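In this text, all values refer to a predicted model and were calculated from it rather than measured experimentally.
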Amino acid sequence: QVQLIESGGGLVQAGGSLRLSCAASGRTFSPMGWFRQAPGKEREFVAAINWSGTITRYVESVKGRFTISRDNAKNTAYLQMNSLKPEDTAVYFCAASKRAGVGTTESEYDYWGQGTQVAVSS
């Protein structure tokens, strides 16, 4: 049974940092990604990474502030979030794909975590 377990969310002041973790069990995944959903908005792509970590993709609004990485020995992906802004407030979801390619859309991912809340106060 495949499970993705996120952790690391919380409340932080603007300008602060958080690191999200996503531990995968059940199988090894190639592309892994992070999405987020703010209140009243649709879920949006945030970042994704391939197996070797050589290819990463980010939504424009987080470039230069967020860094996605992974530790394959631990089957875990991370999202380091720096210089957080109130508009980063959302539930963050980890996703994993069975297919090749580093996708940026929900339909390209097969498994999802339950989400972890990130709240940034001004």
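Looking at every heavy atom in both residues, L20 comes nearest to W34 through CB-CH2, 3.6 Å. The two residues V102 and I49 come nearest to each other via the heavy atoms CG1-N, 3.8 Å. Residues A90 and Q117 come closest through the heavy atom pair O-NE2, 3.3 Å. L79 and V46 get closest at one heavy-atom pair: CD2-CG1, 4.2 Å. Here the shortest heavy-atom pairing between Q37 and K41 reads NE2-O, 3.1 Å. Nearest approach of V12 to L84, heavy atoms of both residues: CG1-CD1, 3.5 Å.
Scanning for side-chain contact (heavy atoms from CB on, under 4.5 Å) contacts around A23 gives T76, with sequence neighbours left out. Every residue was checked against the side-chain hydrogen bond (donor to acceptor under 3.5 Å, both in side chains) condition with Q114, not counting sequence neighbours, and none meets it. The ring pair (Phe, Tyr, Trp, His ring centres under 6.0 Å) test applied to Y58 returns no partner, not counting sequence neighbours.
M32 and W51 fall into different hydrophobic clusters, where Ile, Leu, Val, Met, Phe, Trp and Tyr residues are linked whenever their side-chain heavy atoms come under 4.5 Å apart, directly or through other members.
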V2 and K98: side chain to side chain contact (heavy atoms under 4.5 Å, CB included), yes or no, with the steps? CA-CA 11 Å; V2 174; K98 295 187 292 186; over 6 Å; no
R65 vs M81, test: side chain to side chain contact (heavy atoms under 4.5 Å, CB included). Steps then yes/no. CA-CA 6 Å; R65 300 188 298 122; M81 305 186 295; over 6 Å; no
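For the pairing with R36, the salt bridge (Lys or Arg N to Asp or Glu O under 4.0 Å) check across E42, E44, E6 returns one residue only, E44.
Distance alone, capped at 3.5 Å, is enough to place a donor-acceptor pair between the S97 side chain and the E108 backbone.
Remark: I5 CD1 to T116 OG1 distance equals 11.0 Å, nearest 0.5 Å. Atom-to-atom distance recorded for I68:CD1 and N50:CG is 10.0 Å, nearest 0.5 angstrom. Within the model, atoms OG of S61 and NZ of K85 stand 8.0 Å from one another, a figure rounded to the nearest 0.5 Å. Taking CZ from F66 and OG1 from T56, the interatomic distance works out to 14.0 Å, rounded to the nearest 0.5 Å.
Listed by first and then second residue, the ring-ring contact (aromatic ring centres under 6.0 Å, His included) pairs that reach into residues 68-99 come to none, sequence neighbours excluded. Note on residues 1-57: pairs passing disulfide (SG to SG under 2.5 Å), not counting sequence neighbours, are C22-C94. For residues 12-22, the pairs satisfying side chain to side chain donor-acceptor pair (under 3.5 Å) are S17-N82, with sequence neighbours left out.
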